[in-house]
Amino acid sequence: MTTTTGEPEEGRLARDPLEEVARRLLVEIGEDPDRDGLKETPGRFARWWREFSQYDAGAADTRFPLHTQGQIVVVSDINVWSLCEHHLLPFSCALTIAYKPDGDVLGLSKFARIAHRHAHRLQVQERLIQDIAQELTAVTGSPDVAVIGQGEHLCMSMRGVRTPALVTSSVFKGIFEEYGPARQELIATAFPRR
Ligand code: ZN
């Protein structure tokens, strides 16, 4: 409860502003935020938004010396959830990330960390893919980087055209730019024949 000046009433603890947003939303869609079942919802809403926006994926720059030369590393089936910045609705994205190590290899868990870091913000799929490619180039020092994402967007399946569909976007850099052996190996991994 707030007064008309926006200050908390005396004797009452100020609510988290995000809880106020949730209460307002519930009222606007015709709900009673104080009814059973909804009482704790604004609190959960606030905690989730803080968790999403303050997510810490941890360090992603652990590198190991490389013993073999010329290999391509492809990590596939990394699944992340993000939020479409146009509709604030979730989209899931299955990622295939590849690079050609240049002296050192990146620890395998770091690919998922990089992916989650860029997914845990308001995004569009094309930028998510680009951001991941950019960080991968920065931490590996390799110019040969590729990221393919296949996303399912609730803003397409739950609203608008209401049709589930897979949206594919990709970034190919260095040796992956041309449709040569590196690109073909990557595509074969990302889209295995079923
Ligand atoms: Zn959207």
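- Annotation: Tyr99 is in aromatic contact with Phe111 [ring centroid separation under 6.0 Å].
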Quiz: residues 142-159 side-chain donor-acceptor pairs under 3.5 angstrom, not counting sequence neighbours:
{"from": "Ser142", "atom 1": "OG", "to": "Lys100", "atom 2": "O", "distance (Å)": "2.7"}
{"from": "Ser142", "atom 1": "OG", "to": "Asp144", "atom 2": "N", "distance (Å)": "3.1"}
{"from": "Ser142", "atom 1": "OG", "to": "Asp144", "atom 2": "O", "distance (Å)": "3.4"}
{"from": "Asp144", "atom 1": "OD1", "to": "Ile175", "atom 2": "N", "distance (Å)": "2.9"}
{"from": "Gln150", "atom 1": "NE2", "to": "Thr168", "atom 2": "OG1", "distance (Å)": "3.1"}
{"from": "His153", "atom 1": "NE2", "to": "Gln125", "atom 2": "OE1", "distance (Å)": "2.7"}
{"from": "Ser157", "atom 1": "OG", "to": "His153", "atom 2": "O", "distance (Å)": "3.2"}
{"from": "Arg159", "atom 1": "NH1", "to": "His87", "atom 2": "NE2", "distance (Å)": "3.2"}
{"from": "Arg159", "atom 1": "NH1", "to": "Cys155", "atom 2": "O", "distance (Å)": "2.8"}

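- With respect to the salt-bridge test (charged N to carboxylate O, under 4.0 angstrom), the residues Glu28 and Arg24 qualify.
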N/O donor-acceptor pairs under 3.5 Å from side chains in residues 75-85, not counting sequence neighbours:
{"from": "Ser82", "atom 1": "OG", "to": "Ala119", "atom 2": "O", "distance (Å)": "2.7"}
{"from": "Ser82", "atom 1": "OG", "to": "Arg121", "atom 2": "O", "distance (Å)": "3.3"}
{"from": "Glu85", "atom 1": "OE1", "to": "Arg127", "atom 2": "NH2", "distance (Å)": "2.9"}

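- Between Glu178 and Arg183 there is no salt bridge, since none of the side-chain N atoms of the basic residue sits less than 4.0 Å from a carboxylate O of the acidic one.
- With hydrogens and angles ignored, the 3.5 Å screen pairs no side-chain donor or acceptor of Thr189 with any backbone N or O of Ile187.
- Not a single donor-acceptor pair under 3.5 Å links the side chain of Glu135 to the backbone N or O of Ile132.
- Checking side-chain atoms of Arg23 against main-chain N and O of Asp34 turns up no donor-acceptor pair under 3.5 Å.
- Counting only distance, with no hydrogens or angles, the side chain of Arg15 and the backbone of Gly43 share no donor-acceptor pair below 3.5 Å.
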Please determine whether side chain to side chain donor-acceptor pair (under 3.5 Å) holds for the pair Gln123 and His118, giving the CA-CA distance in whole Å, both sets of side-chain angles, and the decisive distance to 0.1 Å.
CA-CA 8 Å; Gln123 272 289 16; His118 296 289; 5.2 Å; no

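- Atom OH of Tyr55 is separated from atom NE2 of His116 by 5.0 Å, given to the nearest 0.5 angstrom.
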Audit row: Phe91, Val167, side chain to side chain contact (heavy atoms under 4.5 Å, CB included) steps and yes/no
CA-CA 10 Å; Phe91 66 94; Val167 179; over 6 Å; no

Steps toward salt bridge (Lys or Arg N to Asp or Glu O under 4.0 Å) verdict (Arg50, Asp16)
CA-CA 11 Å; Arg50 302 232 179 266; Asp16 184 331; 2.6 Å; yes

